[in-house]
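Here is the structure we will look at, set down as structure tokens.
Just so we're clear, the structure is a prediction, and the values are computed from it rather than from any experiment. We use all heavy atoms of the structure for the numbers below, so side chains are in, but hydrogens, waters and symmetry mates are not.
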Amino acid sequence: MRLRALLETDALGLRLLGGEDELDRTVRGVMTTDLRDPSRYLSGGELVLTGLAWRRDAADSEPFVRILAGAGVAGLAAGEAELGDIPADLVKACLHHRLPLFAVHETVAFATITEHVVRQVSGERAGDLAAVVDRHRRLMTSGPAGGGPEVVLDLLTSDLDLRAWVLSPTGRQIAGAGAPLPGPLGAALAGHHLAATRTGRRGPYRAAVAGTTYSLFPIRNTGRGAVPAARDVRESVLSDWLLAVEADASDWPAARLDLLQGVTQLIAVERDRRDAARTVRRRLAQEVLELVQAGAAPAEIAARLRVAAPVLLPGLGVAPQWQVVVARVDWSASGQGAAAGDIASGPVAQALLEEILVDPAVSGPDSADRIAVAHTGEEAIALVPLPTAVTVPAESGAGEGDAARAAVEDADALAGEPGLHADALLASVREPLSAGLADDGRLTLGVSAAVHSAEGLRGALEEARHARRVAAARPGRVCAAGHHELASHVLLLPFVPDDVRRAFTARLLDPLRDYDRRHRAELIETLEAFLDCDGSWTRCAARLHLHVNTLRYRVGRIEQLTGRDLSRLEDKLDFFLALRMS
């Protein structure tokens, strides 16, 4: 419709305050906002309705109108209910930017204008889009009236008779209208979505599960302010949400598909808001991790934990115990997209670990608010505070949670242990994530025991890292190991006092590190490979791409610098322990 048609409808009671020469502009939709900068939610052609709550003084009008004009909106309609007459500074700014400005009488509701415009824009979708636009502002506000994804999903159910759920990549239900989606069904749908995404097909994807057809829509923010698309689908496939709709969208008209795509955009904005809230928790985890890895004094680490605990466990103040989980995502070479080595696996593992550690049985506020995850190199490291009573993650669904939890605890003989169990984490994510990892990806997880103080945190970190290495030695796309599965010497290493560790490793490894710095001889790398190959000259030379004689020269140099003999079991063991503790 044209803007001038608004003035021809007496029921709307609009007054034109400026922009008479621009009334032939086409209106494609309506947006209600009181944000100072609503640009990220605009795509062009909208009639913007505002109650002027964003305006604090005259200086605010110019930047607000400049943003609207830059976004290509068709016109602006300002309500008189808040300030009475429309401020002269707003009229002046609209004239300057050639943006048509209408005054909305205080007796006219924005919903009336919205419904009229939408009906004119598309009679076929009048009821559907009127509801979407009417609730747009509620969804975007940051206050308690925002409603989140549930607002839009309720709309799909009430206005379009569609049952829909927002799912995480592991199949956990993030939002839904009506009855919750059973846990196994969510995992199956997530697996279908991840597998289809890896093939490079465009959504929506069709999936048939237990005789019911679902359409799966990717949730990605492609509007203004969105994060640039990943170079390679592997950089985002394990962290994207999806919208599962109980219907077959393959025969839907373009208008209805466009509407669902719009819904995914609204949910994507909510996803971005939740991700932004994780910034503080990530920074806390990074600070603690850096202190632990740098060998800081326990008192300094404890001070940082006292800062982190109230953020992660509101109302508790101090976490009585802490647990560490380490995750790594590895990709093999692929003929498509970026080379495996070019994919930043650390951030991928970080986003994925934040999702994995959310307990599917927890309702109410997102329990990811209680998890802090950092990444260093290719690893993601989660710092998990444990309140006095902790439940083990289990499959969601009526009666399934208790059974799954009991099965895990019986199998592991860990019923009395607090915190996260590796087998429970593995059971909740293995099926869907295996589909996303396809034939070229692996996820490995290591879980530490709970520790009671900052002094034990370094031990917990190394324990989790060792457990992850145990998991990496197993077959399968998704593997996990807990501290109870570690061999005896590996279990003991993290709890050797720091001063003993430093003295032991310095005596054996410092001469090699000094030599490497001066000559770039790669003696440390050679020593690690030699021990990993069980002292086999041929296998070690092949791994390092060296001639056997070159390898013998390097090993001889190691023995000369340290006074040790790598043909003796005792010296091999000392080097092995030094490398593990360094």
Side-chain angles (χ1 to χ4, degrees), residues 170 285 288-289 292-293 321-330 345-346 348-350 352-359 371-386 390 392-393 408-409 411-430 433-434 437 441-496 501 528 531-532 576-582:
T170 65
V288 174
L289 175 62
V292 170
Q293 294 191 133
Q321 299 182 78
W322 296 86
Q323 202 168 5
V324 175
V325 181
V326 174
R328 178 169 174 148
V329 176
D330 293 290
S345 296
V348 173
Q350 181 182 41
L352 184 56
L353 192 52
E354 287 171 334
E355 167 56 36
I356 289 174
L357 295 180
V358 177
D359 185 349
I371 300 160
V373 184
H375 73 83
T376 175
E378 301 302 305
E379 286 182 336
I381 300 169
L383 186 65
V384 184
L386 303 179
V390 182
V392 178
V408 170
E409 292 177 346
D412 291 345
L414 294 173
E417 283 196 18
L420 303 164
H421 296 171
D423 286 352
L425 292 178
L426 186 63
S428 64
V429 302
R430 178 162 44 194
L433 293 184
S434 294
L437 292 162
R442 288 202 77 204
L443 168 67
T444 49
L445 298 162
V447 183
S448 80
V451 295
H452 300 267
S453 67
E455 191 169 12
L457 206 54
R458 178 168 180 174
L461 173 59
E462 296 200 17
E463 191 174 66
R465 281 175 164 162
H466 289 314
R468 193 204 64 77
R469 294 189 188 102
V470 170
R474 297 172 176 169
R477 289 294 163 193
V478 182
C479 299
H483 61 94
H484 60 285
E485 301 178 64
L486 301 180
S488 59
H489 73 277
V490 177
L491 183 62
L492 293 174
L493 283 181
F495 300 101
V496 176
R501 297 159 63 93
E528 290 177 331
L531 295 176
D532 284 345
F576 173 81
L577 293 174
L579 288 169
R580 290 297 181 272
M581 290 191 293
S582 63

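- Here the shortest heavy-atom pairing between Gly446 and Ala467 reads CA-CB, 3.8 Å.
- Of all heavy-atom pairs spanning Ala449 and Ala460, the tightest one is O-CB, 4.4 Å.
- For the pair Leu425/Leu357, a side-chain contact is recorded, criterion being any heavy-atom separation below 4.5 Å from C-beta on.
- Looking only at distances, a side-chain donor or acceptor of Gln323 sits under 3.5 Å from a matching main-chain atom of Ser448.
- Scanning both residues, Leu445 and Ala471, for their nearest heavy atoms gives O-CB, 3.6 Å.
- For Gln293, the side-chain hydrogen bond (donor to acceptor under 3.5 Å, both in side chains) test picks out Arg465, with sequence neighbours left out.
- Here the side chains of Leu383 and Leu289 are not in contact, with every heavy-atom distance at 4.5 Å or above.
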Please evaluate residues Val325 and Val373 with respect to the criterion side chain to side chain contact (heavy atoms under 4.5 Å, CB included), reporting the C-alpha separation (whole Å), side-chain torsions for both, the decisive distance (0.1 Å), and the verdict.
CA-CA 9 Å; Val325 181; Val373 184; over 6 Å; no

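- Residues Thr444 and Arg468 have side chains that bring a donor and an acceptor to within less than 3.5 angstrom of each other.
- Shortest non-hydrogen contact noted between Ala380 and Gly346 is CB-O, 4.3 Å.
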*asked:* For Leu353 and Ile381: C-alpha separation, side-chain torsions, deciding distance, then whether side chain to side chain contact (heavy atoms under 4.5 Å, CB included) applies.
replied: CA-CA 8 Å; Leu353 192 52; Ile381 300 169; over 6 Å; no

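- The environment of Glu455 atom CD is sparse: at most 12 non-hydrogen atoms of other residues, nucleotides or ligands sit within 6.0 angstrom.
- The distance from atom CG of Leu437 to atom CG of Leu352, rounded to the nearest 0.5 Å, is 8.0 Å.
- Proximity of Ile356 to Leu433: side-chain heavy atoms (C-beta onward) are separated by under 4.5 Å at one or more points.
- Residues His421 and Val447 are not in side-chain contact: their nearest non-hydrogen atoms beyond the backbone lie 4.5 Å or more apart.
- Taking every heavy atom of both residues into account, Ser434 and Arg477 meet most closely at OG-CB, 4.0 Å.
- Residues Val451 and Gly456 come closest through the heavy atom pair CG1-O, 3.5 Å.
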